[in-house]
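As the structure lists them, so they are numbered: ligands from 1, and atoms in each ligand from 1. The first residue of the sequence shown is numbered 1, and numbering continues consecutively from there. Treat the numbers as computed from the prediction; the structure is a model and nothing was measured.
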Amino acid sequence: MRKDAAVTRLQLAPSILTADFARLGEEVATVAGCVDWFHLDVMDGHYVPNITFGPSTVEAIKKSCDLPLHVHLMIEEPLRFAKAFADAGADRISFHPEVTADPGSVIAHLKELGVGAGIAIHPDVALEVAEPHLGDLDVLLMMTVRPGFGGQAFLHEVVPKIDQARRALTQAAAGADIEVDGGVNLTTVDEAVGAGAEILVAGSAVFDGKDPLAAATRMRERLDLLAREDDRD
Ligand code: DX5
Ligand code: ZN
């Protein structure tokens, strides 16, 4: 189900998780011209069985491009670390609500820090956990892989939950973007957009270790085509 108003531009947000960290600034600069955000996956080895990077990496990327940064916190203590990521240059910060008894206090803290607030929904977590907060969110991050690694297969069984999220936001007259994260590529992107995605995270589909600019350009062209098709509907 689409937003009432036609989406003029579907946004592309590469995840840097599979980029070449030895040349991170170059990798980011290479694709910056055809994308809208960079998606930065922060993992603490507790919420997920992997450890990635911290605020200093966010700061380094902020210096390498002018695009907005969405920090996806896959950590057990978002309240404790949010300020460090906001100070490092995050424009939006999302967290997984099941790690805290009071997601509303994390959202309020993010707003105090002056960054956009997002809730990330794990494939095994019901959307209902986000529903009391829809009106306060800037983005609802729908995970289509179990968080922890890039390069995983898209979970098609999550797509109805994206549609449910779209309906819930419309019902709540909430303006949050729907961002879909995990396994998005040229084969799965249509399904995600069809269910209501407006921002598409693409990690291994862009930083494929071969030609990230060509890969990002192909994703960009596909999203522009889908948006035009939506305009015609
Ligand atoms: C997984 C992360 C995703 C991941 C996306 O836990 O939240 O952002 O990096 O990478 P791909 O697109 O390769 O699934
Ligand atoms: Zn992510």
Strictly under 2.8 Å of the Zn ion (ligand 2): which protein N/O/S atoms qualify? His39 NE2, Asp41 OD1, His72 ND1, Asp181 OD2

Check Arg166 with Asp163, please: is the shortest side-chain N to carboxylate O separation under 4.0 Å? no

Hydrophobic cluster partners of Leu155 (side-chain heavy atoms under 4.5 Å): Val158

In plain terms, say whether Lys83 and Glu112 are close enough for a salt bridge, that is, a side-chain N and a carboxylate O under 4.0 Å apart. no

Could you walk me through whether Tyr47 and His96 pass ring pair (Phe, Tyr, Trp, His ring centres under 6.0 Å), step by step? CA-CA 9 Å; Tyr47 178 72; His96 286 262; 4.7 Å; yes

Under a strict 4.0 Å criterion on non-hydrogen atoms, which protein residues are in contact with ligand 1? Ser15, Leu17, His39, Asp41, Met43, His72, Met74, Met143, Pro147, Gly148, Phe149, Gly150, Gly151, Asp181, Gly182, Gly183, Val201, Ala202, Gly203, Ser204

Apart from Ile51 itself, members of its ILVMFWY cluster (side-chain separation under 4.5 Å) are none

Greater than 12 external heavy atoms within 6.0 Å of Glu157's CD: yes

If you round to the nearest 0.5 Å, how far is OG1 of Thr18 from CZ of Phe149? 13.5 Å

Step by step, would you call His70 with Phe38 a side chain to side chain contact (heavy atoms under 4.5 Å, CB included)? CA-CA 6 Å; His70 181 185; Phe38 282 102; over 6 Å; no

Arg228/Asp224 ion pair, N-O < 4.0 Å: no

